[in-house]
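Residue numbers start at 1 and run along the sequence shown. Reckoned from all heavy atoms, side chains included, excluding hydrogens, waters and symmetry mates.
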Amino acid sequence: MRRFWCLLVKILTRLSFGDFQWCKRKELMDRLNGSANLMIVSDLDFTMVDHDDPENLALLRFNALWEAYYRHNSLLVFSTGRSPTIYGELRKQKPLLTPDITIMSVGTEITYGESMVPDDGWKQYLDHKWNRDIVMEETAKFPELTLQSETEQRPHKVSFYLEKGKAPNVTQTLSKRLENRGLDVKIIYSNGIALDVLPQAAGKGQALAFLLEKLKADGQGPINTLVCGDSGNDAELFTVPEVNGVLVSNAQEELLQWYAENARGNPRIIHATERCAAAIVQAIGNFSLGPNVSPRDIGDLMSNRKVHSPSHEVVMFYIFYERWRRGEVENPEQYIQKLKSVFHSTGNFVHPSGIDQPMHQTIDTLAKAFGDKTGKDFRVWVDCISLAEVSLGSWLVKFDKWELSGNESRGCSTKALMNAKVDVPDEYTWMHLHHTWLDDVGGQDDVSWLL
């Protein structure tokens, strides 16, 4: 009898977790009313993220473009060779947006949403003709291979360092030995140093194809897909049917060679003239996939404003806020009354510390803070904007607002109530603003957090 109850608990546990996974994926996709307008699938290191750009300017330009125009009806997918551990480290170091879907460990793991719910169907699919113990046994016979750190060893990925000159011979010999042991694997060499052994069914391209089929089955397959990469392990992305692709200008030798041999002259795949995230913005324009002028590329954000949506309004305001604190706004005196016309006279602002004060009082405080971040590494961005029209012309806007000051980043979960102006439908009035500290990223009485 005890064995029966133990078995029943196991079954119910599995069902409950499966239901949880399904619910989380459904919650993620429910904001899409049918097909995604655009799905961007981007590698991270030296594609979305430029490690040679300490100010992250191209990344911040992309962030503003995405949140202003695309977040509400499109999908952002990060496809990275990084394991979950070092992917998490990168998110703490760089102003990355929260993707809708994350493909990690060179296409061996797919997760959904901020909570990164795993796709167990993909895991099961990769088990065919894969045995990690045999891979470890055979690779141990190659002294040229040096195991990467434990964090990079995953259930369906075994990773090594290998000198470039030794790669062709080792790859060919190892592939034959694993095939003779009954395994069906693929070996990917990238960045002139990293060798990954994966199931044959794995890889960034196969993970994307799997994902596209799943979205299509749910009636949410994207109208357009743009893939973006810089290295050898990104090549598979460009082979997925009917996608547009961009190699960033700083693409590495192995990807450029693949492009020359397989895609030169293909109008659906371009080699951009811009680096990293700027190349992604360039590709959006090249393929006419939607707006490609980032709000960060607009000079005067407060004069002659034409706002396309509440999300656009939020992005525009916080870029202005950043420039105000950095002292980059010319003739600041003229903007105080403009700000007070944007924020309603009876509106209120709830500071993350819990202090509630009139909105116009907060604007007066902001006026005194003009240029207080001059010469400092201070950046502001918003993430995960969602919209709900609570009544005709009245919008509840939810988003995370982040500030980076030096090496310290802090974030707040934010709710804003906005009304469209009856006489000027392209403008919005902020009626209420409420901040709550995100976990572990704020100081409860931090007076430097203004708005």
Side-chain angles (χ1 to χ4, degrees), residues 41-47 77-84 86-87 102-110 122-123 125-132 134-136 138-140 142 144-149 151-179 181 183-211 227-240 243 245 247-248 251-263 269:
V41 184
S42 178
D43 175 52
L44 289 177
D45 295 290
F46 289 104
T47 301
V77 181
F78 289 159
S79 181
T80 178
R82 286 179 176 247
S83 68
I86 62 173
Y87 166 66
T102 312
I103 300 171
M104 293 171 290
S105 304
V106 200
T108 62
E109 300 179 64
I110 300 175
W122 180 239
K123 291 180 182 178
Y125 181 70
L126 295 183
D127 283 337
H128 180 65
K129 288 191 174 182
W130 171 258
N131 186 312
R132 198 175 187 283
I134 293 177
V135 173
M136 294 299 296
E138 289 296 328
T139 53
F142 290 81
E144 303 95 328
L145 293 172
T146 302
L147 270 173
Q148 294 184 24
S149 66
T151 62
E152 299 316 290
Q153 312 306 326
R154 306 296 296 168
H156 295 96
K157 179 174 80 78
V158 185
S159 297
F160 302 89
Y161 294 117
L162 176 64
E163 292 179 17
K164 187 175 180 180
K166 299 176 180 178
N169 182 56
V170 170
T171 300
Q172 184 177 10
T173 306
L174 177 59
S175 180
K176 289 180 179 178
R177 289 191 180 183
L178 292 172
E179 182 180 353
R181 294 292 302 273
L183 301 191
D184 193 7
V185 305
K186 69 171 54 171
I187 300 174
I188 297 177
Y189 188 71
S190 57
N191 302 318
I193 191 171
L195 183 141
D196 299 306
V197 183
L198 321 170
Q200 183 61 239
K204 290 185 175 184
Q206 282 84 341
L208 174 56
F210 177 91
L211 186 58
V227 301
C228 322
D230 79 301
S231 70
N233 66 21
D234 298 316
E236 289 184 358
L237 290 173
F238 299 94
T239 67
V240 176
V243 303
L247 288 73
V248 295
Q252 297 183 26
E253 179 184 342
E254 66 262 21
L255 187 59
L256 293 175
Q257 182 177 343
W258 176 90
Y259 175 71
E261 295 173 355
N262 299 278
I269 301 177

N/O donor-acceptor pair under 3.5 Å between [X] side chain and [Y] backbone:
| X | Y | value |
| --- | --- | --- |
| W130 | A201 | no |
| S83 | T151 | yes |
| E254 | N191 | yes |
| N131 | I134 | yes |
| R132 | R154 | yes |
| Y189 | G192 | yes |

Checklist entry - Going through the distances and angles, do L44 and Y87 end up as a side-chain contact (heavy atoms from CB on, under 4.5 Å)? => result CA-CA 9 Å; L44 289 177; Y87 166 66; 3.6 Å; yes
Non-hydrogen side-chain atoms of [X] and [Y] separated by less than 4.5 Å:
| X | Y | answer |
| --- | --- | --- |
| C228 | S79 | no |
| V248 | F46 | no |
| L237 | V243 | no |
| K123 | I110 | no |
| L211 | V41 | no |
| V197 | E138 | no |

Next on the checklist: For D184, give me all partners under side chain to side chain contact (heavy atoms under 4.5 Å, CB included), at least two apart in sequence or on another chain.
Outcome noted: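 Side chain to side chain contact (heavy atoms under 4.5 Å, CB included) list for D184, sorted by chain: K129, Q200.
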Checklist entry - How are the rings of F238 and W258 set to each other: parallel, tilted or perpendicular (split at 30° and 60°)? => result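 Rings of F238 and W258: tilted, as their planes differ by 30° to 60°.
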Checklist entry - Rounded to the nearest 0.5 Å, how far apart are OG1 of T171 and CG of L195? => result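 CG of L195 is found 5.0 Å from OG1 of T171.
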Checklist entry - Hey, mind stepping through R177 and F142 against side-chain contact (heavy atoms from CB on, under 4.5 Å) and telling me if it holds? => result CA-CA 11 Å; R177 289 191 180 183; F142 290 81; 3.8 Å; yes
Item to check | The single option from D234, T80, D230 passing side chain to side chain donor-acceptor pair (under 3.5 Å) against T47 | outcome: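 Looking at D234, T80, D230, the match for T47 under the side chain to side chain donor-acceptor pair (under 3.5 Å) is D230.
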Side-chain donor-acceptor pairs under 3.5 Å in residues 158-165, sequence neighbours left out?
| residue | atom | partner | partner atom | Å |
| --- | --- | --- | --- | --- |
| S159 | OG | K157 | NZ | 2.6 |
| S159 | OG | D196 | OD1 | 2.6 |
| K164 | NZ | E253 | OE1 | 3.0 |

Next on the checklist: Applying side chain to side chain donor-acceptor pair (under 3.5 Å), can you list everything that pairs with E236, at least two apart in sequence or on another chain?
Outcome noted: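 Scan of E236 (side chain to side chain donor-acceptor pair (under 3.5 Å), adjacent residues dropped) gives K186.
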Checklist entry - Can you check side-chain contact (heavy atoms from CB on, under 4.5 Å) on V227 and V240, steps first, answer last? => result CA-CA 9 Å; V227 301; V240 176; 6.0 Å; no
Next on the checklist: As a quick check of understanding, evaluate side-chain contact (heavy atoms from CB on, under 4.5 Å) for Q148 and Q153, giving each step before the final call.
Outcome noted: CA-CA 7 Å; Q148 294 184 24; Q153 312 306 326; 3.8 Å; yes
Next on the checklist: So for atom OH, which belongs to Y125, do other residues, nucleotides or ligands contribute more than 12 heavy atoms lying within a distance under 6.0 Å?
Outcome noted: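 No, the 6.0 Å shell around OH holds no more than 12 heavy atoms from other groups.
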